[in-house]
Amino acid sequence: MRQILKMVLVLTVLGLVSGLILSLVSNYATPIINENNREAIKEAVFYVLPNTEDYEVKTIEGKEVYVTRDSEGQVNGYGFTASGSGYQGTIELMVGVKPDFKEIQGIQILESSETPGLGGKIRGDNFKNQFRDKDASSGVSLVKSAPTEPGEIEAITGATISSQAVVDIINKGLEHVKNLMEAGGG
Amino acid sequence: MELFFIFVAIVLTQNFVLHYFLGICPFLGVSDEMEAAFGMGIATTFVMTLTAIITWNINNFILEGFGVEFLEYVSFILVIASLVQLVEMFLKKYVPELYQTLGIYLPLITTNCAVMGLALFMVLRDYNFVQSAIFGFGAGVGFTLALIIMAGIRSELMEDAIPEPFRGTGITLLTAGLLALAFMGFSGLVPV
Amino acid sequence: MLTDFIKGIWKENPVFVQVLGMCPTLAVTTSLINGLSMGLATTFVLVASGLAISALRKVIPDQVRIASFMIIIASFVTVVKLLFEAHIPTISTQLGPYLPLIVTNCIILGRQEAFASKEPVSRSLMDALGMGLGFAFALVVLGSVRELFYQGTIADVEILGSWYKSMIIMVQPAGAFISLSILVALFKKISSRG
């Protein structure tokens, strides 16, 4: 009996002490972690919408849209995150688009576990810069050779699936956010 | 269809052992004999499926419900450890024949990172309850598959003249490398 | 005391000799820096839980020792994870779920069972430090080899020059298994001679 009591006591005390210490550490770390995440979003917004002076977060139906303004205070674009399946796992992007949703300003890869050296090249400037000031009035599409039409993106050699995934994620995200903004009164 | 994709992905394209390197210790340890490999595989699949079901509930209703996500690792590992213990006691009492075969592998499962990894991946991927259960079962099947293939190859290797430094761990890792290479052929099979 | 420390690094190296802790060893060693961070994080958990368990060894009843060890280890891992996320977020993202998986690293539970739960605090400290650094050493070696053959760099410093064409296989699972296999064999060859 005493044996069992001791067992229960030791485990309870251990659990309590551990819970206490962890909640203290978590209280200390959580604000910093949230700040880090906000910083990462901020950096990405400024990257995808280059002429941005400042931005505000607008939440429509649970989706955060970053409404950016240029130095004159004019709304110059919307930034939003979009994600979907790649070749190896989830790809998450930040997409910047002009307020009329007709031209992509830029994209940034927030998260991807694509094969390094192949699909991983979606993180490279060569691929990302293709989306700078890209006509997207009817979405973007993927081609396997140098683009000839507006709105065409050249796939990375050997990583068509990853490239296609990025294009699909962007198109879906554009459509989704466009509808939200129209419904939410822009 | 989506559930089917999750299952195929975790068995073939993202096999826990050959893609995520989870559960390597038992993979190297008990893959020298077919019967042991099979027993370990079945026992692990069983624990993994249960783990997926239980940790999903804990994560959704307790950890997120009370905002104590920082207890994630502590609670998951305790669930796994107690689950293994429970399974062991249950089998010993009610299915002694099965216990005879699986018994010795059960304690090893607690520190099998594939089980803990399963719980962590489930949370990271935001799976719902059914998806989690399928994921857990699939992860176990994938683990068993890798173990059995490895055991088959190793029993053939026994007879061969392997250079001294490569005997044991070396050749097993090398074989695993070739297996991983072969499994790469499955990648892109299903969207993940 | 010194032998407690030294044995972990060479004679009983957890990776090359005991073949423990394989999951993180294979998974995160795509570069030197990743291997090093994982090695040091594991060393911290090993030392901290070794100290705690060695100090509590007379209080913890034998029947619940594994559960107690797991609580202690998992708590320290959570601390490491939170601190990494707060202060070195890039590395935390790189290591992903393998950082929390330190909980199930067999080296840690193994050392508690074999050493810390039986020996006084000072010896346990030495043992944990030796094992931890031995693990870190193995991860750094494997990380350097893989990074070198992948893109010709070590810790992002160019070694092989621009003529080197990157070898993608090295940062994929197959490359991890094959590199480690060769390293284990080399280690065996060298130590059997001395």
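Computed from heavy atoms alone, side chains included, the values below leave out hydrogens, waters and symmetry copies. Residue numbers start from 1 in every chain, and the chains themselves are labelled A, B, ... in the order their sequence lines are given, proteins ahead of strands.
- For a residue to count as touching a neighbouring chain, one of its non-hydrogen atoms must lie under 4.5 Å from one of that chain's; by this rule B:Val115 does not touch chain C.
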Check the pair B:Ser75 / B:Leu63 against side chain to side chain contact (heavy atoms under 4.5 Å, CB included), numbers first and verdict last.
CA-CA 9 Å; B:Ser75 52; B:Leu63 296 179; 3.8 Å; yes
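- The most heavy-atom pairs under 4.5 Å with chain B, out of C:Cys106, C:Pro100, C:Pro97, come from C:Pro100.
- For the residue pair B:Arg154 and B:Leu28, the shortest heavy atom distance occurs at NH1-O, 3.0 Å.
- Among the candidates C:Val77, C:Thr78, C:Leu180, the residue making the largest number of heavy-atom pairs closer than 4.5 Å to chain B is C:Thr78.
- Residues C:Thr104 and B:Thr111 bring no donor and acceptor atom of their side chains to less than 3.5 Å of each other.
- Most heavy-atom pairs under 4.5 Å with chain C, from the set B:Val123, B:Val74, B:Leu179: that is B:Val74.
- Looking at B:Tyr20, the atoms closer than 4.5 Å to chain C (heavy atoms on both sides) sit in the backbone and in the side chain alike.
- Looking at C:Leu183, neither its backbone nor its side chain comes within 4.5 Å of chain B, counting heavy atoms on both sides.
- Taking the centre of each ring, B:Phe135 and B:Trp56 stay at or above the 6.0 Å mark.
- Within the 4.5 angstrom heavy-atom criterion, atoms from both the backbone and the side chain of B:Leu22 approach chain C.
- Heavy atoms closer than 4.5 Å to chain B are found in both the backbone and the side chain of C:Leu26.
- Taking B:Tyr73, B:Phe183, B:Phe121 one by one and counting their heavy-atom pairs under 4.5 Å with chain C, the maximum is reached by B:Tyr73.
- In this structure, the portions of B:Leu174 lying under 4.5 Å from any heavy atom of chain C include both its backbone and its side chain.
- Heavy atoms closer than 4.5 Å to chain C are found in the side chain of B:Leu78, but not in its backbone.
- Side chain to side chain, C:Arg146 and C:Ser179 fail the donor-acceptor criterion of an N or O pair below 3.5 Å.
- Heavy-atom distances place the side chain of C:Tyr98, and not its backbone, under 4.5 Å from chain B.
- Between B:Tyr99 and B:Tyr94, the distance separating the two ring centers is not shorter than 6.0 angstrom.
- The aromatic ring centroids of B:Phe16 and B:Phe143 lie 6.0 Å or more from each other.
- Of the atoms belonging to B:Leu124, it is side-chain heavy atoms, and not backbone ones, that fall under 4.5 Å from chain C.
- Judged purely by distance below 3.5 Å, without hydrogens or angles, the side chains of B:Glu2 and B:Gln131 pair a donor atom with an acceptor atom.
- In this structure, a donor-acceptor pair under 3.5 Å is absent between the side chains of C:Ser117 and C:Arg57.
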